[in-house]
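Written below as structure tokens is the structure these notes are about.
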Amino acid sequence: MTELHPSLKSTGKLSLNWSYLDAIANGKSAIDLGALALRNLHDARQFVREYGFDLDQPAAVALIRRAHAEAVDFIRATFLTPAQAGLIPPEVATPDDPLNLLVYASLRGQQVDVRRMWACVVLKVMHGIFYIDNNLKLRHFHAIRAQVFGTLDEVIRQQGEQHYLTDGEVCLPLLHYDRKDNKGRNSILLKLLQKAAYLAADIFDHLGVRLVFATRAECLLALRTLQRAHVLSVTNVDAERSRNTLLDLDAAKQVFCKYRAQLERADSYPLDLLRQMDTELADIAQPQTRCDNPHSGSGFNSIQVTVRKMIHVQQLDAAPEQDYDVGFFFEYEIQLMDEASYQRSLSGPASHAAYKQRQVDTARTRVFGRDLLRWIEHQPPA
């Protein structure tokens, strides 16, 4: 064993990569970095080992190559026009060894800056792909989906073509029932790339439902129904992710108290009375603007609740004395809308298509960086 002595001597110049160290010390996201800090392929192999891949295993090398190919395809399909697809340098798009990208991403200088920027783009997308592929919750997705919708199917019932929300007593007719069974892989990746801390664990809408009622008054009653069925409770709702741009609850309380006796006396479903309540609510309600999602368009109104549900899966290596399944919390979304808000969401700034395009624009700017975007703009048409 080599004897150790205090020293600051190194084989090269004693230098610090200030931007890289700033990102580590001050919590800057990797997606916002313009370069890595690796010197050669030896550094790259150490980096990959600590990242989690044993390059002596052929399967690990194959996984890296597949992620690289998927990243290049995603970039071309999502962020580039067909005429721009050929702008990715060949040594980045089809490298002999994907590890070279780590070195390319670390080299600065006029002759290699474009290659560095493109290498960074591909590596950022590969990083997102690795998080998706190695997220344990997503590996148990079939069990998660079955248990989440098993709970929701107890309160969202279907009779013919009509869906109802019911707690066994109150029964609210739905105009639309949208069920999100799984967020597509490219959609997850896009969302990761536009988030500051892009981790798969931070995507909360893999699963969820949208419940659309005729009136906002029914959305208020839907909250009560979900609460009475214990689907929603103060202990299983992620308070930080609750978003209400639909109902001024102070105004709703005032209107509900005024009409409660009439609601209770109604022999049939009192839709006209509920619409009258909505009219009065609109006259006295204050706009609800708490929405932290920068991509939500103006005019988009809903109550969005993120629910934590404990999921149970079998543990193959459980101790003999452990006679219960492992549990972990998974978060899914319940969204409530009235008909008018739903119709606005189908077109214009509040539409899903416009929302997706804003996500693409944000992710493209973060992944490419402004220097590379300017370079792309100045390239002649293919």
Could you measure the distance from the CD1 atom of Ile303 to the CG atom of Leu223? Nearest 0.5 Å is fine. 4.5 Å

To the nearest 0.5 Å, how far apart are CD in Glu339 and SG in Cys219? 11.0 Å

Across all chains, not counting sequence neighbours, the side chain to side chain donor-acceptor pair (under 3.5 Å) partners of Ser233 are Thr235, Asn236

Kindly give the heavy-atom pair with the smallest separation between Ala105 and Ala119, and that separation in Å. N-CB, 3.9 Å

Which pairs pass side chain to side chain donor-acceptor pair (under 3.5 Å) with one or both residues in residues 52-78, sequence neighbours excluded? Glu70-Arg185

Answer yes if Leu247 and Ile284 sit in the same cluster of Ile, Leu, Val, Met, Phe, Trp and Tyr residues linked by side chain heavy atoms under 4.5 Å apart, and no otherwise. yes

Starting from Met310 and following side-chain heavy-atom contacts under 4.5 Å between hydrophobic residues (I, L, V, M, F, W, Y), which residues can be reached? Phe329

List the steps and the verdict of side-chain contact (heavy atoms from CB on, under 4.5 Å) for Asp113 and Trp375. CA-CA 11 Å; Asp113 271 350; Trp375 180 86; over 6 Å; no

Run the side chain to side chain donor-acceptor pair (under 3.5 Å) test against His378 and tell me which residues pass, sequence neighbours left out. none

Flag the pair Arg275 / Thr215 as yes when at least one side-chain heavy-atom distance between them is below 4.5 Å, and no otherwise. yes

Do Leu220 and Met277 have side chains that approach each other closer than 4.5 Å (heavy atoms only, starting at C-beta)? no

What pairs with Lys253 under side chain to side chain donor-acceptor pair (under 3.5 Å), at least two apart in sequence or on another chain? none

State, to 0.1 Å, how close Gln147 and His312 come at their nearest heavy-atom pair, and which atoms those are. NE2-O, 2.8 Å

Is there a side-chain contact between Ile376 and Leu80 (heavy atoms, below 4.5 Å)? yes

Using side chain to side chain donor-acceptor pair (under 3.5 Å) as the criterion, list what pairs up with Tyr177, not counting sequence neighbours. none

Just wondering, do His140 and Ile311 contact through their side chains at under 4.5 Å, heavy atoms? no

What one should report as the nearest heavy-atom pair of Leu336 and Leu246 is O-CD2, 3.9 Å

List the atom pairs, with distances to 0.1 Å, where a side-chain N or O of residues 88-96 and a protein N or O form a donor-acceptor pair under 3.5 Å, not counting sequence neighbours.
{"unit_1": "Thr94", "atom_1": "OG1", "unit_2": "Pro90", "atom_2": "O", "d": "3.0"}

Heavy atoms, side chains only, cut-off 4.5 Å: are Pro270 and Arg265 in contact? no

Output yes when Arg179 and Asp153 qualify as a salt bridge under the 4.0 Å nitrogen-oxygen rule, no when they do not. yes

Are Leu346 and Met337 co-members of a hydrophobic cluster defined by side-chain heavy atoms under 4.5 Å apart? yes

Sequence neighbours excluded - ring-ring contact (aromatic ring centres under 6.0 Å, His included) pairs with any residue from residues 70-108: Phe74-Phe79, Phe79-Phe368

Carefully, step by step, assess Asp167 and Val155 under the rule side-chain contact (heavy atoms from CB on, under 4.5 Å). CA-CA 6 Å; Asp167 61 2; Val155 295; 5.8 Å; no

Co-membership, hydrophobic cluster, residues Tyr164 and Leu175, 4.5 Å side-chain: no

Who passes salt bridge (charged side-chain N to carboxylate O under 4.0 Å, His left out) against Arg157, sequence neighbours left out? none

Pairwise distance CZ(Phe130) to CZ(Phe53) - rounded to 0.5 angstrom: 4.0 Å

Approximate separation, where rounding is to 0.5 Å, of Ile64 CD1 and Leu99 CG: 6.0 Å

Answer yes or no: is there a donor N or O on one side and an acceptor on the other, between the side chain of Gln162 and the main chain of Leu174, under 3.5 Å? yes

Show your working on side-chain contact (heavy atoms from CB on, under 4.5 Å) between Arg241 and Glu333 and close with a plain yes or no. CA-CA 10 Å; Arg241 293 193 54 78; Glu333 286 186 355; 3.8 Å; yes

Mind listing the closest non-hydrogen atom pair of Val103 and Leu41 along with its distance? CG2-N, 3.9 Å

Which pair of non-hydrogen atoms, one from His142 and one from Arg145, has the smallest distance, and what is that distance? ND1-NH2, 3.0 Å

Enumerate the ring-ring contact (aromatic ring centres under 6.0 Å, His included) contacts for residues 226-261, please, sequence neighbours excluded, ordered by first and then second residue. none

Heavy-atom check, side chain of Lys356 versus side chain of Ser187, under 4.5 Å: yes

Would you say Ile334 and Val231 make side-chain contact, with heavy atoms under 4.5 Å? yes

Aromatic plane relationship, Tyr131 with His127 - under 30° parallel, 30 to 60° tilted, over 60° perpendicular: perpendicular

Over all atoms of both residues, closest heavy-atom pair of Leu107 and Arg116: O-CD, 3.1 Å

Not counting sequence neighbours, which residues clear salt bridge (charged side-chain N to carboxylate O under 4.0 Å, His left out) with Glu50? List them please. none

Ignoring hydrogens and angles, state whether a donor on the side chain of Thr225 or Arg228 is under 3.5 Å from an acceptor on the partner side chain. no

Gap separating the OG1 atom of Thr166 from the CD1 atom of Ile156, nearest 0.5 angstrom: 11.0 Å

Kindly write out the residues that satisfy salt bridge (charged side-chain N to carboxylate O under 4.0 Å, His left out) with Arg39, not counting sequence neighbours, or none if the list is empty. Asp43

Arg216/Asp278 salt bridge by N-O under 4.0 Å criterion: no

Less than 4.5 Å apart, any side-chain heavy atom of Lys180 and any of Asp178? no

Kindly compute the distance separating CE (Met126) from CG (Leu102), expressed to the nearest 0.5 Å. 8.0 Å

Looking only at atom types and distance, does a side-chain atom of Lys309 sit under 3.5 Å from a main-chain N or O of Val148, one as donor and one as acceptor? no

Establish, from distance only, whether the side-chain atoms of Gln357 and Asp361 form a donor-acceptor pair under 3.5 Å. yes

Take Val209 and Tyr332, measure what side-chain contact (heavy atoms from CB on, under 4.5 Å) needs, and give me the verdict at the end. CA-CA 9 Å; Val209 292; Tyr332 67 94; 5.8 Å; no

Hey, is the main chain of Thr306 close enough, under 3.5 Å, to the side chain of Asp238 for a donor-acceptor pair? no

